[in-house]
Structure formats: structure tokens, C-alpha cells
Amino acid sequence: MANKILVFLEQRQGQIKKSSYEAVSASIALSQNLNSEIEGVVIGGEVENVRLAGNYGLKKLYHIKNEQLENYSSSAYTDSLLEIINTADAQIIVFSSTSMGKDLAPRIAAKLDCGIVTDVTEWKVENGEIIATRPVYAGKALTDVKVKSEKKIFTLRPNVFKAEKISEQEAEIEVKNPGDLNLKTRVVDIKKSDTKLDVAEADIIVSGGRGMKAPENFKLIEELADLLGAATGASRAVVDAGWRPHSEQVGQTGKTVSPTLYIALGISGAIQHLAGMRSSKYIVAVNKDKDAPIFQIADYGIVGDVFEIVPAMIEELKKLRT
Ligand code: FAD
């Protein structure tokens, strides 16, 4: 069948990421409009609950299984994936725009010499063609893109499409072992960061900027985030100052996030910061400067001192808990 879709499901430490299920659900909807077949592929060692991808509508999943593939390797993943794209005879390959997807998808596009649209936030089918929408100019505008090459690659922004379980069925798994991979690079150790939730995947983010005044004051941000089950984020100013780790940086040179709720505390709202968070569903900002640019995109704005407002928020949330 023409226009067969292959969705790349990303695993980390044997767990399939939520953003991959979002990519599956978005691709299932697309396949229905294109009247095309859809399959998935996961690369790794042991992967937990791999069959449950069927719950999201995937009937078949290739599992390229080898212990040397437990951790991401650009070259080995590229080679393995190219082989499956060939075997499956897929024309449309879909990734999530995670750091792995951002590394892998362009490599595959270069090898296949085909067009790629990255960071897609919406897509539709018109006259049998896919029209993908993506933000441009640091999120200030949106553009619609059609890929003209026969094979097409898309990466979907995490937290934009909804992962939907639509069946009780399990996926059929076809395991392939590529044998000895002769890896050019090898991950020798993985050190977990202290950050509890990855800012790029969280549904709620509490972010702090230079208005927090000192690194020790981020305990307020952490406490509020804990109460909300949120991830902690930061502006580049505080990351550059060494107050927070780079893994928390939101913006043009940090992570792009699309949570349901983004709380910006003592962040001015520079264009480079907005570039990474303006597609959040609800934005709440606290800033003592009523003219701070963050208020131009905030759904709820509080003009005030974070050291008065945040403790009050914490107190109210604690009351709700008791
Ligand atoms: P500031 O701009 O200093 O703002 C602090 C805010 O806190 C002010 O609005 C102030 O009114 C408020 N404030 C102060 N005290 C209080 C208080 N007690 N209560 C309430 N509010 C208070 N920035 C990013 O964030 N992410 C990026 O990825 C990024 N990439 C960049 C890439 C390039 C190429 C360049 C040139 C810049 C980039 N920047 C990025 C930097 C960006 O331009 C800003 O400098 C940065 O976002 C400012 O951080 P801030 O809002 O924390 O600090």
C-alpha cells in the first residue's frame, strides 16, 4: 500500500516514552485520512510492555533487539532504522521531537535524501497530501509545509498531540537482531541528573528567572513544583549564572516545552525564552514589572513580588491538600 507510515518509538532504560505514544496516536489519525497502513519500530535491548503499543492502535511493531542498542548510538540506530524502513517499505517516517528524535530524524532524511519537517504542531491531509504546521521565527508565526519527495519524515513536538488508548489489543512484535554492530561509539556510563521530571515532558512546569535573586531561593520553586507534581524550569540567565542546571533551561538554546500549565516566576519574557514555551496551553506569570513582556502572552498575570506571591501560593496549595 502506498504511503505506509512507520512510527519510531523511543525507549529509555527499557521504557517507551509517552511522547512516542503521542506520535502513534497522531499517526493513526493521519493514516485513517490517508487510508494507509501503519507500523511501529522500537530499537533497544529488553523493552517493557512493548506489546502495549497495540493499545494505541499499532497492530505491528518491529523490535530491533540487541543489548548493544540499549543506549542510544547515532550510527547504530541510523543503520538499524534504515534497514527496517526498507523492510517495511515505509514512505512516511514519524519521530517525536525529543533530543533523540532531533538527532536521528535528520540523519535518516540525509541517508534517504528526502524532505523532513521538524517540530510539527499540527497536521492534516488535503487532496491526499500531508500539510504539516510548524512554528517559525522563534514561535512568532506558523508555517504550513508540504514535502515533495516520495519519502517523507516528520518530527512531532512532544506534549502537543494527545496519546490515546483506543483498544485492548496487543501489537504483534517482529523481533530482529542485527548481530554484532561494530559500534563506532559506545556509552560507558549514564549519570542521572538530580532533576526529578524532565522539563520537556512535564505537563506542568514551574520556572524561575533572575527575579528569584539567588540560587537558594529556588527552594520556593521546588516546593511549589513538588506540590503541583511539576517539573522545575529556568531561564538562561539563571543557568548561565550557574544557579540551575542546563537541563532545566527553557528557550531557544534550551528545551522547547508545551505543558498544560507553565508558571513563570521572575522571568522577563525575552523573545528567546518565549521561543521555548509560548505554545504552553496556560501561562501564568508573576513579575513585579507590569510592563514585563511575559505578560503579553500570559493567560493569568500577577504584578507582584515573587517572595510574597509564591509563599502564598504554596500555603494555599498546602491547605487544599489537608
Ligand atoms: P531578566 O531579563 O533579568 O528578568 C528578570 C525579571 O524578574 C524582570 O522582568 C524583573 O522585573 C523580574 N523581577 C525581579 N525581581 C522580582 C521579584 N522580586 N518579583 C517578581 N519579579 C521580579 N533566555 C532563555 O531564557 N532561554 C534561552 O534558551 C535563551 N537563549 C538565548 C539565545 C541567544 C542567542 C541570546 C542572545 C539570548 C538567549 N536567552 C535565552 C537570553 C534572553 O535574551 C534573556 O536574557 C533571558 O531570558 C533573561 O532571563 P530572565 O528573564 O531570568 O532575566
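Note that the structure is a prediction, hence the values are computed from the model and not measured. For ligands, and for the atoms within them, numbers begin at 1 and follow the listed sequence.
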| query | Which of these, Y62, Y72, F95, F154, sits in a ring pair (Phe, Tyr, Trp, His ring centres under 6.0 Å) with F8? | reply | F95

| Minimum heavy-atom separation for Y77 to E70, with atom names? | OH-O, 4.0 Å

| said: By the definition side chain to side chain contact (heavy atoms under 4.5 Å, CB included), identify the one residue from I314, D203, I263 that meets it with L228. | reply: I263

| field | Residue that, paired with D119, satisfies side chain to side chain donor-acceptor pair (under 3.5 Å) out of K102, R134, R157 | value | R157

| Measuring from each atom of ligand 1, which residues have a heavy atom under 4.0 Å away? | G209, R210, G211, K213, S235, R236, A237, Q249, V250, G251, Q252, T253, G254, G266, I267, S268, A270, Q272, H273, N287, K288, D289, G304, D305, V306, F307

| said: Taking E315 first and then K318, would you say they form a salt bridge - that is, a charged N and a carboxylate O separated by under 4.0 Å? | reply: no

| Are any of the side-chain nitrogens in E222 or R244 under 4.0 Å away from the carboxylate oxygens of its partner? | yes

